[in-house]
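Encoded as structure tokens, the structure appears first; notes follow it.
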Amino acid sequence: MKPGETPKIVRRVATKDKVVFMTFDDGAEKDPEFVKMTKDLKLPFTMFLTDDIARAGRGYGYFEQLKDGGNTIQNHTLSHPNLRTLPPAAQRHEICGQQDVLEKRFGARPPLFRPPYGNYNDATLAAAGSCGVKAVVLWEATMQINDMRYAEGDKLRPGDIVLAHFRGPQELKGTSMTKMVTNMLRSIQKQGYTVARLEDYV
Ligand SMILES: [Zn+2]
């Protein structure tokens, strides 16, 4: 294994600014309306894509459209396993394999990695560091269909990273991705926060 620096773990960004960060995971839903929405609103967000899931259907071309606004595509493994159950070599394959896929497709190795289910161990950090990951990004708030859930308390805090997914009506009980994101933005704004770009803070 090539030596690499151990990535830092970011659960929440240290800032006093009233900003939060939107992150979308996996890559199942590929709703054209969401592309239009993000362009119209110039929404900053970060995508953590799993190869198996993102590749299906319209594939990576869909995410390329979302990337056009300056949003970035980051690593969420090849096949979405619980990394804690895998030996080091298999973890390296899952993480570094997706670094290779994304580098080949988009021209750069992602600096950010999110382990599926937020599960990781020392071997995860070593593997990620060995293939160019600078930070492992977790979260403290989660967007459901209509409501936000918080790891602590009952409201957002400055620097919160909000986890959401590329999901559509099948997973959202009939709600579209754009409606879910509208609910998310409404909740963020109601609490007095604005959305910022994670890469500008990490
Ligand atoms: Zn995931």
Side-chain angles (χ1 to χ4, degrees), residues 7-13 20-31 34 38 43-60 62-64 66-67 71-86 90-103 105-106 109-121 123-125 127-128 131-151 160-173 175-178 180-181 183-184 198-199 202:
K8 60 181 171 177
I9 296 162
V10 182
R11 211 170 272 286
R12 186 172 157 229
V13 171
V20 296
F21 308 94
M22 297 203 302
T23 63
F24 296 100
D25 282 15
D26 304 349
E29 176 73 354
K30 299 170 180 77
D31 181 353
F34 182 62
T38 62
L43 271 188
F45 59 93
T46 305
M47 299 169 264
F48 289 91
L49 299 184
T50 294
D51 187 54
D52 276 2
I53 303 171
R55 193 178 285 282
R58 291 159 175 266
Y60 282 112
Y62 175 78
F63 302 100
E64 188 141 43
L66 291 174
K67 196 173 169 284
N71 296 312
T72 64
I73 292 174
Q74 309 288 346
N75 186 336
H76 196 45
T77 73
L78 287 174
S79 70
H80 213 275
N82 175 358
L83 291 168
R84 273 206 301 248
T85 67
L86 298 183
Q91 293 204 39
R92 273 201 303 279
H93 173 69
E94 281 288 339
I95 300 166
C96 301
Q98 181 64 338
Q99 288 291 87
D100 294 342
V101 167
L102 294 176
E103 181 178 24
R105 186 69 176 74
F106 299 108
R109 270 172 119 60
L112 308 180
F113 168 68
R114 173 173 278 163
Y117 319 104
N119 287 345
Y120 66 95
N121 58 20
T124 314
L125 301 180
C131 51
V133 170
K134 304 295 177 216
V136 170
V137 178
L138 302 170
W139 63 90
E140 293 225 319
T142 316
M143 184 60 201
Q144 309 296 327
I145 300 170
N146 296 302
D147 314 296
M148 207 106 76
R149 287 195 197 145
Y150 311 95
D160 267 347
I161 296 166
V162 186
L163 166 68
H165 292 87
F166 286 98
R167 284 181 181 155
Q170 273 190 323
E171 300 84 16
L172 299 176
K173 296 183 180 158
T175 299
S176 67
M177 172 123 184
T178 52
M180 184 268 290
V181 175
N183 294 338
M184 189 172 173
L198 184 59
E199 291 75 6
V202 170

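For this chain, numbers begin at 1 and follow the sequence in order. Indexing begins at 1, ligand by ligand and atom by atom, following the structure's order.
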Do the side-chain N and O atoms of H80 and D52 include a donor-acceptor pair separated by under 3.5 angstrom? no

Quiz item: cation-pi between R105 and Y60, 6.0 Å / 45°: no

Should the pair F24 and F34 be assigned to parallel (<30°), tilted (30 to 60°) or perpendicular (>60°) ring geometry? perpendicular

What are the protein N/O/S atoms, named by residue and atom, that sit under 2.8 Å from the Zn ion (ligand 1)? D26 OD1, H76 NE2, H80 NE2

Do R109 and D100 touch side chain to side chain, with heavy atoms closer than 4.5 Å? yes

Result for side chain to side chain contact (heavy atoms under 4.5 Å, CB included) between R114 and one of T23, V133, V10 points to T23

With A28, which residues qualify under side-chain contact (heavy atoms from CB on, under 4.5 Å), at least two apart? I53

